[in-house]
Amino acid sequence: TNTGSRMTLSSVVHIGTQEEGEKGCVPGFQVKEYQVEFNRGFQKDHPLTQMLFDDCVGNEGMAFEVSHPDFQVDEEMNLVARRDVMDSGTVMFIHGVNEHAEDMAQVDIVGALPRSPQTLREILGLGQIQPYRSKRALFAPRMHVSENMEPPFPKVIGTVMSSGMEDDHIFHMTGSGADQDPKGVFTINRLTGEVSVSQELDREAINSYMLEVSVTDQNGKLVEGPVALLVDVNDQNDNRPIFKETRYAGEVLEGSPTGTVVMTMTAEDADDPRLQNAVLRYNIVRQSPDKPSPNMFYINPESGNIVTVISPTLLDRETLPTTQYELEIVAQDMKGRDVGLTGTSTATITITDKNDHAPEFTHSLFQANVDEGSTGVVVNLTVDDRDDPATGAWRAIYSIIKGDPTQSFEIQTNPDNNEGMLSLIKPLDYESLVFHTLLIKVENEDPLVPDVGYGSSSTATVHITILDVNEGPVFFPDPLQVTKMENVPLGSFVALLNATDPDVLQSQSIRFAVLRDPANWLSVNPVRGTVNTSANLDRESPYVQDNKYTAIFMATDNGNPPATGTGTLVIHLEDYNDNAPYVHPSVVRVCEDARDSVVIVGGRDKDIHPNTGPFKIELGKQPGLENTWKVSRVNSEFRQLFTEYYTP
């Protein structure tokens, strides 16, 4: 009877052992069944045997429970008595568990007397035997299986226990992984309750399986269960860390304090995040270029934050050999230990500019000569700025701060080379002022950093000399307006032209000439500038518009080369009654036999008031006209002409 009982207990609690030479680690008790000699009892704190348990990840947080209350498993995993024990019984069960593994082992005590009662119900804490079979008598411990296990298969991973197992009872297992997709991953021995895995598993695809186990008799009648069976797939370090990008970009402002965060680079690991398999550490393995220091940057091994190590004074964009540094970053799992898998990416860090250099003129004095009366660019002002071109810290803004009271100058920035283009926008007169001195200031679009200011080199003086140019005479007034009666005698005085030479510092004479006289009515004395009539002034001429006749005259000095100026003469012509009125229309047509013909005629005159209407309109003196036509008044300018037979 004792032998049979022991065989039953062995089959109940035995959990699959690791095969010799197998590379995969099976979490749990590495030895499932132990034997110790009773030898008249056990002394307090004296080791009985050492329990061999491995969760495959370091055995952190392990806890053990012993079915006999007078025994415990110590920190060295030795089974020891809490006190001197004489009634140990013949068997004990050890339950080991942490977050990665859970398993049970059996300890047989050879030579000991049975305890009373000593049943599996008591061992499992199931209470007293009831007159009927309780579902709690079926126990399915949480099981663990490692992914990537190598053949041969199947491999036993644990055993389901029943306190009331009889010869005609059968274990059944259902659920996803058994009789549901993915089917056939796990099987159960119908007689012993041993659970086996039948193929290699991938934790990253399925990390656990929830199954149900029950016991029936040979006729299929449910005896116990169903109870849940959870199988966890233990992780192996089979996934490398992966960066989302192969190349990352970041930037840091020059002069930034040591420890400034530049960027963060993180990778992902598909392994179990609770294990070191997915605990990553970061490291910089290469910096290019490696000047001025091969360790300008540091990466926090845990957070992936890249920070500056170089001092702010050395982090000077204008003195560094380059403005871009390339870092090769390696992420390694297993907390960075040599056994860990690695992934690599690249970080490109740009040293950005701050406005820590004021623009400076290349010369303190610029000079230019300008012809009087001209406009346009006078001189290009050049500056040096060590900041980053094409940024607001480099682009220059020029301003005239002194020497331009009449606002005759303006200055604009050439966007291509940052030079200041000083231009004249108002012509200058040599005779008024020969020398002009301007004070120019240059600044940046962006403000300077607090510890940098604009110095004397940010201002420059510009000397501009106005060169004398022989200017043409100037008429005054222009235009000259006069009023004359038309038809004045030939040679009559019309006007006196007045022209002066702006070159007052030179002694020059002026001669006059007609430049444009559309009707050829005028002449001018070349020395005195008197204008006289050379033909009849006719107000009714087509060259007269709105009673005004316009002529243009030219004045030329004797400079070298000679210069000319033009002036306009406008003659307002008064009307003289020199045009007879006439009838309009002058010809009309009527039918020969018409007896009721009526014609409206009017008077016209090329002259203007008062030398025009009202008009007197009457029949001519031809004999017989009065017998056929009659005239009646319409108004002061029109008359009605009708036949003698017409009746109004």
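Index from 1, following the sequence. Please read these numbers as outputs of a predicted model, since none were measured by experiment.
In terms of heavy atoms, Gly491 sits closest to Asn532 at O-ND2, 3.1 Å. Pro473 and Asp557 get closest at one heavy-atom pair: CG-N, 4.0 Å. Residues Thr566 and Asp478 share a closest heavy-atom pair of O-OD2, 3.7 Å. Closest of all the heavy-atom pairs between Leu522 and Val514 is O-CG2, 4.4 Å. The minimum heavy-atom distance between Phe297 and Ile284, with the atom names listed, is O-CD1, 3.7 Å. The shortest non-hydrogen separation linking Lys291 to Tyr325 is O-OH, 2.8 Å.
Residue Asn305 holds its CG atom at 12.0 Å from OG1 of Thr260, rounded to the nearest 0.5 Å. Rounding to the nearest 0.5 Å places CG of Leu448 at 11.5 Å from NZ of Lys354. Put simply, OG1 on Thr564 and CE on Met554 are 6.5 Å apart, with the number rounded to the nearest 0.5 Å. Note that the OG1 atom of Thr483 and the CE atom of Met485 stand 10.5 Å from one another [nearest 0.5 Å]. Atom CD1 in Ile349 sits 12.5 Å away from atom OG1 in Thr323 (nearest 0.5 Å). The distance from the CG atom of Asn547 to the CD atom of Glu486 is 9.0 Å, given to the nearest 0.5 Å.
Salt bridge status for Arg386 with Glu360: absent, with no side-chain N to carboxylate O gap under 4.0 Å. Between Glu574 and Lys484 no salt bridge is recorded (no basic side-chain N to carboxylate O distance below 4.0 Å).
The main-chain N or O of Pro359 is found under 3.5 Å from a side-chain atom of Ser458 such that the two form a donor-acceptor pair. Thr437 places no side-chain N or O within donor-acceptor distance of the main-chain N or O of Thr461, the cut-off being under 3.5 Å. Distance alone, capped at 3.5 Å, is enough to place a donor-acceptor pair between the Asn300 side chain and the Ser303 backbone. Between the side chain of Thr308 and the backbone N or O of Pro257 there is at least one donor-acceptor pair closer than 3.5 Å. No side-chain donor-acceptor contact under 3.5 Å links Tyr298 to the backbone of Asn295. Side-chain atoms of Lys441 never come within 3.5 Å of backbone atoms of Ile401 as a donor-acceptor pair (strictly under, hydrogens ignored). With Asn239 contributing its side chain and Ala270 its backbone, the two residues share no donor-acceptor pair below 3.5 Å. Not a single donor-acceptor pair under 3.5 Å links the side chain of Thr266 to the backbone N or O of Gly304. Between the side chain of Asp371 and the main chain of Ser374, no donor-acceptor pair closer than 3.5 Å is present. In this structure, the side chain of Asp269 does not engage the main chain of Ala278 through any donor-acceptor pair within 3.5 Å.
Checking Thr350 against Gln324 by side-chain atom types alone, a donor-acceptor pair falls below 3.5 Å. Looking at Ser523 and Ser534, their side chains never bring a donor and an acceptor atom within 3.5 Å of each other. With no hydrogens or angles considered, no side-chain donor-acceptor pair links Asp538 and Tyr549 at under 3.5 Å. Counting only N and O atoms by type, the side chains of Asp385 and Asn418 include no donor and acceptor under 3.5 Å apart. Side-chain atoms of Asp446 and Asn355 include no donor-acceptor pair closer than 3.5 Å.
Under the 4.5 Å side-chain criterion, counting only non-hydrogen atoms from C-beta, Ser423 is not in contact with Thr375. Side-chain contact between Asp356 and Glu318: present, with at least one pair of heavy atoms (C-beta onward) separated by less than 4.5 Å. Looking at heavy atoms from C-beta onward, Trp394 lies out of side-chain contact with Asp353 at the 4.5 angstrom threshold. Two residues are said to be in side-chain contact when any heavy atoms from C-beta on lie closer than 4.5 Å; Ile411 and Ser399 fail this criterion. Proximity of Thr322 to Pro289: side-chain heavy atoms (C-beta onward) are separated by under 4.5 Å at one or more points. Ile351 has its side chain within reach of Val252: a pair of non-hydrogen atoms, C-beta onward, lies under 4.5 Å apart. Within the 4.5 Å cutoff, side-chain heavy atoms of Asp429 are placed close to those of Glu471. The shortest side-chain heavy-atom distance between Leu381 and Thr362 does not fall under the 4.5 Å cut-off.
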Which is it for Thr500 and Phe476 under the side chain to side chain contact (heavy atoms under 4.5 Å, CB included) test, yes or no, and what are the steps along the way? CA-CA 8 Å; Thr500 58; Phe476 181 82; 6.0 Å; no
Please step through side chain to side chain contact (heavy atoms under 4.5 Å, CB included) for the pair Leu428 and Glu372, ending with a clear verdict. CA-CA 5 Å; Leu428 296 178; Glu372 66 171 329; 5.7 Å; no
Assess the residue pair Leu422 and Phe366 against the criterion (side chain to side chain contact (heavy atoms under 4.5 Å, CB included)); give the C-alpha distance rounded to whole Å, side-chain angles, the decisive distance to 0.1 Å, and a yes or no. CA-CA 11 Å; Leu422 180 64; Phe366 295 84; over 6 Å; no
Please walk me through it: do Phe475 and Leu497 pass side chain to side chain contact (heavy atoms under 4.5 Å, CB included)? CA-CA 7 Å; Phe475 284 85; Leu497 301 178; 4.2 Å; yes
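In Glu431, the CD atom is crowded: over 12 heavy atoms of neighbouring residues, nucleotides or ligands sit closer than 6.0 Å. Counting heavy atoms of neighbouring residues, nucleotides and ligands inside a 6.0 Å radius, atom CZ of Arg516 does not exceed 12 of them. Counting non-hydrogen atoms of neighbouring residues, nucleotides and ligands closer than 6.0 angstrom, the OH atom of Tyr454 exceeds 12 such neighbours.
The residue from Glu445, Glu419, Glu443 that alone fulfils the salt bridge (charged side-chain N to carboxylate O under 4.0 Å, His left out) condition with Arg395 is Glu445.
The aromatic rings of Phe243 and Tyr282 sit tilted relative to each other, their planes meeting at an angle between 30° and 60°.
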